[in-house]
Amino acid sequence: MKHEIKTLLTQAVSSLKTSGHLPADIDVNIQITRTKDQSHGDFACNLAMMLAKPAAKNPRELAQLLIDALPKHKIIDKVDIAGPGFINFFVSQSSALSIIDTVLTQADTFGLSNIGAGRKIQLEFVSANPTGPLHVGHGRGAAYGATVADLLEAVGFNVHREYYVNDAGRQMDILGTSVWLRYLQLCDIDVPFPSNGYQGDYVIDIARTLLAQHDKNLLHPLAAVMDEIPADEPQGGDKELHIDALIARCKILLGDDSYLQVFDLGLNTILDDIRQDLEEFGVVYDEWFSERSLAKNGLIKQAIDRLQKANYLYEKDGALWFKSTDFGDEKDRVVVRDNGQHTYFASDIAYHMDKMERGFDRVIDIWGADHHGYIPRVKAALKALGDDADKLDVLLVQFAVLYRHGEKVQMSTRSGSFVTLRELREDVGTDAARFFYVMRKCEQHMDFDLDLAKSRSNENPMYYIQYAHARICSVFRQLADKNLHHDIAAGNQHLHMLTETHEVQLINSLGKYPETVEAAALNEEPHLLAHFLRDLANELHTYYNAHQFIVDDAVMRNARLNLISATRQVLSNGLKLLGVSAPDSM
RNA sequence: GCCCCGAUAGCUCAGCAGGAUAGAGCGUCCCCCUCCUAAGGGGAAGGCCAGAGGUUCGAAUCCUCUUCGGGGCGCCA
């Protein structure tokens, strides 16, 4: 509807340009908004006020000119000028009512569009290190990313969902070493566990598997393990020294092959767990991209070579630096350390270079807000490589701060004291978790009150929406119990009987659904859809309380049933896009 | 110190490519089931949109500064 009015106005503007009432070179940006007040009609446009100055005309006069130039169309009953120069559009009743039939006909596909025209978007999200189970912080990125992906797909983009697996690097070495040390402990070696190691019980579980697979073949005496290892200094001191020495020792004692087996067991066990966790959360990926594969396939070398050739690398203090300051970064960054190992940043350059080469029209990374400082250097690298850095958008998701019993919950993966995503899902249910995460816009800090989310009370807006859906389903069950049939065709012919205020409002809201999906997708703001559904559910509940649907008058009954059936459809479509179920009964 | 995000009802948040009287939920206070799920509905109270300037026909929305929160500034990942 919005688009149709916009088209009419565009035509009006061009005919005014032809007739000389408007300068031909004027820049026109037509904005159609829904009105808040019924007396202002259904849609309003501020075009006349915006053009008043450049056209050197009084806004109200200009509005009149625009109205006179509007092509005739049956969707509009009346056009008014109001206030300082608003143009108000009154949609005709027949046109408004047609939305009901449209919804019922299009069913599951109502609200989908093809604005994206099949353009390819790569969306990378979550990408948590596989060093432990996903925690509640990752949940927000997962829910947000999955919903944005689904929304973009709904408006016609071709979306490639990807998880970047950090299966290389020091953190993974710490995990591998943690597993081995726990294994030694299971073998009754009294080795102290480093304060910096991964403390969670899942590490012990992995060690048990290791023991089952290898028996005591990976065993080494305590003296060999701890000989000349710097002391662990949890308080203040350099505890990194201790764990790094342990990693080195672990690699030497086990040898490359065995070390890799321990490492991979840890990695794969945790990755499988993450994959399953996300799947149960309704989050699926097209690709799990391995960081290790970058080195294996020579992509890191290729990226570094390209930077070198472009003359953006230099040596200092034995390390190789990238001149990211040439592209606005605040300082240069190391890509290869003095020990010859490439940094995480080097992998990331290679990864993004690869993304650019895979032919996407747009690349979106969803990161935690703590990574914001990383954006300039990645973009700098892309520019240095000669890629189009504007193709890359990084969306930052702010932290979700957890509250339990009114107090902040502290989280740390290493200490093992964290609330996992799985625990959250088990407590509040997958539906509530998905909905809750996405209710807030992503750049908003979120207070996630666990007790509130856990409570299965009406305080949770998701139940409210699901209840509206279930209520409509219940009406149709009642109808069947009374041996009455819903005659859609008959209802369609008498939609004009739906003149109650509640009915008019509900019909109006149904019409907003497609533009809401569009806005939510294009702005990457799923919360718009969540709020829309909440409002729609409210209107349904109000209508339900004010009027009986199953009335004696068959004509009125069918018309009303068409309306609530369409409402049920929109609720169902919207919830599906949010990854939330739409139950038939509750 | 520099950078990013935020500040709107008692609480949690919408509204922001400027637009016509600032919205919702929860909480508080009234009221509504002989009737399709009361897991619901109706109503009331509650606001100097953090503060100060600026831009303009018009600012919660844009710009600057200040104050107060959260996060980030490694040859960690």
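Numbered from 1 within each chain, the chains take letters A, B, ... in sequence-line order. These values consider heavy atoms only, across backbone and side chains, with no hydrogens, waters or symmetry-generated copies.
Ala546(A) comes within 4.0 angstrom of nothing in the nucleic acid, heavy atoms only. Asn129(A) comes within contact range of the sugar-phosphate backbone alone, with a heavy-atom separation under 4.0 Å but no base atom that close.
Using atom P as the reference point in both A52(B) and C5(B), the two lie 24 Å apart (nearest Å). Straight-line distance between the C1' atoms of U61(B) and A20(B): roughly 15 Å, to the nearest whole Å.
In this entry C36(B) has no Watson-Crick or G-U wobble partner, no candidate having both defining distances under 3.5 Å. Across all strands shown, G6(B) is found opposite C68(B) as a Watson-Crick or G-U wobble partner, with both distances under 3.5 Å.
Candidate nucleotides G74(B), A24(B), G40(B) were compared by shortest atom distance to the side chain of Arg333(A), and G74(B) ranks first. Closest approach to the Asn545(A) side chain among G40(B), C76(B), C13(B) is made by G40(B) (side chain taken as heavy atoms from C-beta onward). Distance from the side chain of Phe86(A) is smallest to A20(B) among G6(B), C4(B), A20(B). Residue Tyr374(A) has its side chain nearest to A77(B) when only G40(B), A77(B), A20(B) are considered. Comparing C75(B), G41(B), C4(B) against the side chain of His541(A) picks out G41(B) as the nearest. Considering only side-chain atoms of Asn166(A), the nucleotide from A77(B), A39(B), G70(B) that sits closest is A77(B).
When the ring pair (Phe, Tyr, Trp, His ring centres under 6.0 Å) test is applied to Phe89(A), no partner is found at least two apart in sequence or on another chain. Checked against side chain to side chain donor-acceptor pair (under 3.5 Å), Asn88(A) has no partners two or more places apart in sequence or in another chain.
Residue order along RNA chain B, read from the 5' end via each residue's closest nucleotide, puts Gln548(A) first among Thr542(A) and Gln548(A). Toward the 5' end of RNA chain B, the nearer of the two residues Ala44(A) and Gly169(A), judged by each one's closest nucleotide, is Ala44(A).
Of the listed residues (Tyr164(A), Phe345(A), Tyr163(A)), just one forms a ring-ring contact (aromatic ring centres under 6.0 Å, His included) with Tyr351(A), and that residue is Tyr164(A).
Using a 4.0 Å cut-off between charged nitrogen and carboxylate oxygen, Arg170(A) and Asp244(A) count as a salt-bridge pair.
C36(B) atom P lies 12 Å from atom CG of Asp481(A), rounded to whole Å. Put simply, CE on Met49(A) is 13 Å from P on A59(B), counting in whole angstrom units.
Distances shorter than 4.0 Å separate some side-chain N or O of Lys441(A) from OP1 or OP2 on G15(B). Regarding contacts with the backbone of U12(B), every side-chain N or O of Gln444(A) stays at 4.0 angstrom or more from both OP1 and OP2.
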| request: Would you sort out whether Val580(A) and Ile465(A) count as a side chain to side chain contact (heavy atoms under 4.5 Å, CB included), showing the intermediate values? | output: CA-CA 10 Å; Val580(A) 176; Ile465(A) 298 168; over 6 Å; no
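With hydrogens and angles ignored, a donor-acceptor pair under 3.5 angstrom links the side chain of Asn88(A) to the base of A20(B). Applying the 3.5 Å distance criterion, the base of G71(B) shares no donor-acceptor pair with the side chain of Asp370(A).
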